[in-house]
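Side chains included, hydrogens not; waters and symmetry mates left out as well; all remaining heavy atoms used.
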Amino acid sequence: MSTSQATTNVFFSGVGGQGTILASNLLGQVLLRAGYDVKKAEVHGMAQRGGDVTTHFRFGARVYSPLIRQGEVDILVAFELLEGLRYIDWLRPEARIVLNNHRILPPAVSLGKMEYPPDIAGTFRKHFGENVRLVEGAAIARALGNIQVANVVLLGTLSALFTDPGPEQWLEAIRELLPARHHEINVKAFLEGRGAGGI
Amino acid sequence: MKKILQGNEAIARGAWEAGVTVGCAYPGTPSSEIMSELARYPEIYTEWSTNEKVSLEVAFGASLAGGRALVAMKHVGLNVAADPLMTMAYTGVKGGLVVVVADDPGQHSSQNEQDSRHWTRFGKLPMLEPADSQECRDFTRVAFDMSERFDTPVLIRSETRVSHSDSPVETGERIESTLPKGLSRADAPKQVMVPAYARLRRVEIDRRLEKLEAYAEEEFPGNVTEFGDLSVGIIASGVSYLYAKELFPGYSFLKLGMVWPLPRKRIADFCRKVKKVIVVEELDPFLETEIRAMGIKVRHGKDLIPSIGELTPAILEGALAKAVTGKKSRAPRPRALAGDLPGRPPNLCAGCSHRPLFYALKKLGVFVFGDIGCYTLSVAPPLAAMHVSTCMGASVGGAYGAGKVLGREGLGKVCAVLGDSTFLHGGIAPLMDAVYNRGYSTTIILDNRITAMTGQQDHPGTGRTIRGEEAPMVDYAEIARAVGVRHVRHVDPYNIGETLAVLGEELERDDASVIITRNSPCILLRRARPRERFPHPHYRVQQESCRGCRACLNVACPAISWRPEPGTTAEGVKRKGTADINFEQCVGCGVCGQVCAFESIVPKES
């Protein structure tokens, strides 16, 4: 369809509690300031209790639908490996992927009824080659002293996929949307994430 | 400057700008943020009401006193508030009264799927339906003016993809209402709905609807006609319009921002100018039925578009591409398929106080009449400890009613379980009924000190208002005693032995009883410092003694997982694997340790 060509589709997936919503809020702020129309959709409530969560994020000159069609994701930001794999068939062939190298076991795996899919990063690399950025988001956040900032680490890696807006605008959004006491650690997380994700 | 706002934030913003003075809600996904956002504006009185009916009645009083009032609820909340609403259509209002109802197509977080547009025809009330955050703000502002001008409550219908979508909004300043404050005794004939007066008001309703239809035709800014390719004319409202516009941008559109009353003349004019009329709507064929009833030929609608579940651009494209463009849609071929992956359903949090309580109920083999809240998740295996759940408060009457059939056979086998907020919302009246009519049911109140499922909203049992100010706190035990319950007990659910004993005694009792959990705040409720009550920060599995019996896995804690690794314990007992505790998720509640028969789960000092 013609209009969707002009719109870029970013899809966030993860597990409830990982902070996907904050990451997509920051992205929205950056792109609004850069002059884009922005729409995003997510589900709150029951879906948050450790279940899988997704955010549909779209930007362009004029965006109508808040939801992305399967097969039209330009950028996938997966906060957890299995939750990335779950949406692999939503990606365009040329899609770029930010993949957090982090596993959270779902109940069927915890109970020993199913296996956690092996080598998810390898699967992505096989199909998307150099477009995959594997990030040690959880490990970086833990080293910074708070596992919760893994979302901003991933945002940093995502930011490196954009030539414009540049890093200063992203940092400005972090300062604008987060309380001052959280600035220092989140700025660090962002910068570490921005430098991470080699292929 | 534009700001990105969530639909719910934009509704709150629109209400603030419209000079609203009172806001009332009972939380419910996807509507909850409307009131929590409105509460941020200091010049407005806001509250969490005990239920939606109360919300609407409070707002109605505020309206009669000359204030503008906003009420917000989810779709099933309007079922509760329907009683006052249907008669407020008769009385009309004084200050603008706007009722926001948020539907949940696809049931992301709801027990059923309702199309709230039906309330408008049923209640003879106007309804607006915004599509994005800008319209959420704009329509809410307009709704207050409409309400005062036409002397009626005005409904705004939102839904998950409107309430929980974010998009840029041009905002404005607050305009204070100029309506004088005060109550008028002279208005009694308009406001006391005894039959003689109500019959007169009934006539007014139809007059009002005529005026509203003229407003929909000529004035309401959200009804928009866009002519393009005239071979197809699409009539749509809300987010369905956005999907259709995205997929078929070149065609003609009639976008209805007001779904009742319908601008019939405008619809007829539009349909005359286009060759093929297609009605695009989510859930029920509401517009389609009305347009067909006008004698207009609708070429496509619910014959192609599903009535069940959420509409998405992909579903709409599959349904309509051929009918609109003449060409079948081609689904993009993915580079890789996801295959059969383990699902990730929502679960009770690690350390949640509901888990040990339901573990105990399962152990006792009790049939559980459940209710609406996080604890409904206990239906999922391996806990699988809930057997009915329909609507807020229904557990109490259900368990007591079943006892009336089972008689003494049912003693010890049936109970009702509901949360603190749910009990206050709808559990007190049925408890009274059970006692008055000599039922023997046991009602268990899970007191986690908050409305948890919807994201931690206060209620009359938490001792705090919506703004966090101190408030009188309900005493559940006193309520139970006051309605006549003679056996009121407390249990600490984290002590499984004590819980089993108390449950056993009360379930067997041939008299109504109430059990209230204590020491059981929501594990996410920071101000209650929930983790401080646990003596150890984490637990771990002693790998050398774990027999791999899986007893701890059956408490369904997200922190515990199975490690398949055949071998033997240090004592030489064969095992197929062991359990493992992820200390990043473990909060140290110690429930698994109580369940382990081999003392293999021990405190881990961090």
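Contact annotation for B:Pro313: both backbone and side-chain heavy atoms come within less than 4.5 Å of a heavy atom of chain A. Heavy atoms closer than 4.5 Å to chain B are found in the side chain of A:Pro117, but not in its backbone. Heavy atoms closer than 4.5 Å to chain A are found nowhere in B:Pro564, neither backbone nor side chain. Residue B:Arg550 touches chain A through its side chain alone, counting heavy-atom pairs closer than 4.5 Å.
Residue B:Ser133 holds its OG atom at 10.5 Å from NZ of A:Lys40, rounded to the nearest 0.5 Å. Note that CD of B:Gln6 is 8.5 Å distant from CD1 of A:Ile21, once rounded to the nearest 0.5 Å. Atoms CZ and CG, from B:Arg344 and A:Leu105 in turn, are 8.0 Å apart once rounded to the nearest 0.5 Å. Here the CZ-CD1 distance, from A:Arg33 to B:Ile4, works out to 8.5 Å after rounding to the nearest 0.5 Å. Interatomic distance, A:Arg62 CZ to B:Lys245 NZ, rounded to the nearest 0.5 Å: 8.5 Å. For the atom pair A:Glu42 CD and B:Arg161 CZ, the distance stands at 9.0 Å (nearest 0.5 Å).
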CA sep, side-chain torsions, deciding dist, call: B:Asn582, A:Ile104, side-chain contact (heavy atoms from CB on, under 4.5 Å) | CA-CA 10 Å; B:Asn582 177 346; A:Ile104 301 174; over 6 Å; no
Could you check B:Leu242 against A:Lys39 for side-chain contact (heavy atoms from CB on, under 4.5 Å), going step by step and ending with a plain yes or no?
-> CA-CA 11 Å; B:Leu242 296 178; A:Lys39 274 211 169 76; 4.1 Å; yes
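Between A:Pro66 and B:Ser167 there is no side-chain heavy-atom pair separated by less than 4.5 Å. Residues A:Asp37 and B:Pro168 meet the side-chain proximity criterion, which asks for heavy atoms closer than 4.5 Å.
In terms of non-hydrogen atom pairs under 4.5 Å with chain A, the most contact-rich of B:Gly343, B:Ala579, B:Ala559, B:Pro382 is B:Gly343. For the set B:Pro334, B:Ala556, B:Pro558, the count of heavy-atom pairs under 4.5 angstrom toward chain A peaks at B:Pro334. Considering only heavy-atom pairs separated by less than 4.5 Å from chain B, the leading option among A:Ser65, A:Ala41, A:Gly71 is A:Ser65. Taking A:Lys126, A:Glu83, A:Lys113, A:Gln70 one by one and counting their heavy-atom pairs under 4.5 Å with chain B, the maximum is reached by A:Glu83. Among B:Asp340, B:Leu337, B:Thr312, the residue with the largest count of heavy-atom pairs under 4.5 Å with chain A is B:Leu337.
Surrounding CD of B:Glu226 are more than 12 heavy atoms belonging to other residues, nucleotides or ligands, all under 6.0 Å away. For CZ of B:Arg526, the number of neighbouring non-hydrogen atoms (other residues, nucleotides, ligands) closer than 6.0 Å is 12 at most. Taking a 6.0 Å sphere around CD of A:Glu115, one finds it holds 12 or fewer heavy atoms contributed by other residues, nucleotides or ligands.
Minimum heavy-atom separation, A:Gly112 to B:Trp562: CA-CD1, 3.6 Å. Across all non-hydrogen atoms, the minimal contact from B:Leu311 to A:Leu67 is O-CD1, 4.3 Å. Considering all non-hydrogen atoms of both residues, B:Leu341 and A:Met114 come closest at C-CE, 3.9 Å.
With sequence neighbours left out, the salt bridge (charged side-chain N to carboxylate O under 4.0 Å, His left out) criterion links A:Glu94 to no other residue.
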Could you list the donor-acceptor pairs under 3.5 angstrom formed between side-chain atoms of residues 147-158 of chain A and any protein atom two or more places apart in sequence or on another chain?
unit_1	atom_1	unit_2	atom_2	d
A:Asn151	ND2	A:Gly19	O	3.1
A:Thr157	OG1	A:Val153	O	3.3
A:Thr157	OG1	A:Gly193	O	2.7

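Of the possible polar contacts, one joining the A:Arg86 side chain to the B:Pro342 backbone as a donor-acceptor pair under 3.5 Å is found.
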